[in-house]
Amino acid sequence: MSAGLRRAVIDLDAYRANLDLVRSWMDPVEVMAIMKADAYGHGLEPIALTAVDAGIRWIGVLTVPAALRLRSIGVGEDVHLFTWQHDPGLDFRDAIDSAVDLGVSNVAELRRIVDAVDQRPARVHLGGRQRSAP
């Protein structure tokens, strides 16, 4: 016996109301909406556009291609798009040219970003591992 098809209905008005509530709790701190894996299967584009319409100005997406997808549908540079998982062979030029904020967790990534800088400065966020004192 097979299970019936299941379907999720995404209520963008409820999502927006939730964003408004969280933003009111956090004021004056800005909220970053995180959207991994196609917004957890809910559809990256409608979730991101709803967030932007609700006043969100920081969106975290896992990869540069996801960030570039959002730029291509009209998410402007007034919205910071932050990515943090980078393919070892990724050429960072398109991300830099599209004003994507890049999370960097190792020296090799940072060197590749520096090598990709042409006319526009790269926006990087450095991360690292903490070590306990001996």
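These values consider heavy atoms only, across backbone and side chains, with no hydrogens, waters or symmetry-generated copies.
- In the hydrophobic cluster analysis, where Ile, Leu, Val, Met, Phe, Trp and Tyr join through side-chain heavy atoms closer than 4.5 angstrom, L90 is grouped apart from W84.
- Cluster annotation: L62 and V124 are assigned to distinct hydrophobic clusters (Ile/Leu/Val/Met/Phe/Trp/Tyr, side-chain heavy-atom contacts under 4.5 Å, transitive).
- Within 6.0 Å of atom CZ in R111, 12 or fewer heavy atoms from other residues, nucleotides or ligands are found, so the atom counts as exposed in its surroundings.
- Listed by chain and residue number, nothing satisfies the side chain to side chain contact (heavy atoms under 4.5 Å, CB included) test with N18 (two or more places apart in sequence, or in another chain).
- Every residue was checked against the side chain to side chain contact (heavy atoms under 4.5 Å, CB included) condition with D97, not counting sequence neighbours, and none meets it.
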List the atom pairs, with distances to 0.1 Å, where a side-chain N or O of residues 49-59 and a protein N or O form a donor-acceptor pair under 3.5 Å, not counting sequence neighbours.
unit_1: T50; atom_1: OG1; unit_2: P46; atom_2: O; d: 2.8
unit_1: D53; atom_1: OD2; unit_2: R16; atom_2: NH1; d: 2.6
unit_1: R57; atom_1: NH1; unit_2: V52; atom_2: O; d: 3.1

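- There is no path of hydrophobic side-chain contacts, each under 4.5 Å, that joins V64 to V79.
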Could you give the side-chain donor-acceptor pairs of residues 99-107 under 3.5 Å, partners two or more places apart or in another chain?
unit_1: D101; atom_1: OD1; unit_2: H80; atom_2: ND1; d: 3.2
unit_1: D101; atom_1: OD1; unit_2: R123; atom_2: NE; d: 3.1
unit_1: D101; atom_1: OD1; unit_2: R123; atom_2: NH2; d: 2.7
unit_1: D101; atom_1: OD2; unit_2: H125; atom_2: NE2; d: 2.8
unit_1: N106; atom_1: OD1; unit_2: A108; atom_2: N; d: 3.2
unit_1: N106; atom_1: OD1; unit_2: E109; atom_2: N; d: 2.8

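- The two atoms that bring R112 and D87 nearest to each other are NH2-O, 3.0 Å, heavy atoms only.
- Under the 4.5 Å side-chain heavy-atom criterion for ILVMFWY residues, a single connected hydrophobic cluster contains both Y15 and L70.
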If you look only at distance, which donor and acceptor atoms sit under 3.5 Å apart when one is on a side chain in residues 32-39 and the other is two or more places apart or in another chain?
unit_1: D38; atom_1: OD1; unit_2: L44; atom_2: N; d: 2.9
unit_1: D38; atom_1: OD1; unit_2: R69; atom_2: NH2; d: 2.9

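- Nearest heavy atoms, D91 versus R93: OD2-NH2, 2.5 Å.
- With sequence neighbours excluded, no residue satisfies side chain to side chain contact (heavy atoms under 4.5 Å, CB included) with D118.
- Within the model, atoms CD1 of I47 and CD of E45 stand 10.5 Å from one another, a figure rounded to the nearest 0.5 Å.
- A heavy-atom distance below 4.5 Å is not found between the side chains of V61 and F82.
- Aromatic rings of F92 and H86 (six-membered ring for Trp) have centroids within the 6.0 Å cut-off, being under it.
- Here the shortest heavy-atom pairing between T83 and A67 reads CG2-CB, 3.7 Å.
- Of the inter-residue distances, the one linking L126 atom CG with L110 atom CG reads 6.0 Å to the nearest 0.5 angstrom.
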